[in-house]
Amino acid sequence: QVIFALNQTLLQQESLRAGSFQIPYTTEDLIKHYNCGDLNSIIFNHDTSQVPNFINATLPPHERVTAQEIDSYFRQELIYKRNERMGRRVKDLLDEYPHKSFFFAFGAGHFMGNNTVIDVLRREGYEVEHTPAGQAI
């Protein structure tokens, strides 16, 4: 699986350099959707942009299965479990110091798709509001 993932990553990078493959969104798209609080937009149709996409229609069936296994592993280990840990840390601080104010900053990837840091906090009973860019906190 590691060799397959490395080969697919190298092929994708070579395609990017050659101009035969393009990322379906720009940095400006990410900023616009982040500022609007719309991180589940259609541009994030792969659930999260932090997980490499190894699944494509040109792979033979046995490699497609390997790609799906790797995708599932990355999503679980690199995104969901990490968001769960981060959300629990935020909750623990809020619970331990209920009369203190906090400011938490996370990268945009922690708010995209399912099982986000916000989802973790909401499951724990916290109310979370989006503050748009330019709005006073």
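Throughout, residue positions are numbered sequentially from 1 according to the sequence presented. As the structure is a prediction and not an experimental result, all values here were calculated from the model.
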* Once you round to the nearest 0.5 Å, how far does OG1 of Thr66 lie from CD1 of Ile3? -> 11.5 Å
* Structure fact -> One should read off an interatomic distance between Glu129 CD and Ile118 CD1, to the nearest 0.5 angstrom, of 11.0 Å
* Residue pair Thr116 / Asn83: nearest heavy atoms and the distance that separates them ->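 Residues Thr116 and Asn83, closest heavy atoms: CA-ND2, 3.7 Å.
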side-chain hydrogen bond (donor to acceptor under 3.5 Å, both in side chains) partners for [X], two or more places apart:
X: Glu84; answer: Arg123
X: Glu69; answer: Gln1
X: Asn115; answer: none

* **Val117 reachable from Tyr126 in the ILVMFWY side-chain graph, under 4.5 Å edges** =>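 Yes; tracing contacts between hydrophobic side chains, which count when under 4.5 Å, links both residues.
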* Asked: Mind checking whether Val128 and Phe106 sit in one hydrophobic cluster, side chains of I, L, V, M, F, W, Y counted as touching below 4.5 Å?
  -> yes
* To do: Assess whether atom OH of Tyr73 is packed by more than 12 heavy atoms of other residues, nucleotides or ligands within 6.0 Å.
  => no
Without placing hydrogens or testing angles, list every side-chain donor-acceptor pair under 3.5 Å for residues 86-94, not counting sequence neighbours.
| residue | atom | partner | partner atom | Å |
| --- | --- | --- | --- | --- |
| Lys91 | NZ | Asp95 | OD2 | 2.4 |

* Under the ring pair (Phe, Tyr, Trp, His ring centres under 6.0 Å) test, residues paired with Phe104 that sit two or more places apart ->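 Ring pair (Phe, Tyr, Trp, His ring centres under 6.0 Å) list for Phe104, sorted by chain: Phe102.
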* To do: Indicate yes or no for a side-chain donor-acceptor contact from Arg122 to the backbone of Glu127 under 3.5 Å, with no hydrogens or angles considered.
  => no
* **Partners passing side-chain contact (heavy atoms from CB on, under 4.5 Å) against Gln135 (at least two apart in sequence or in another chain)** => Thr131, Pro132
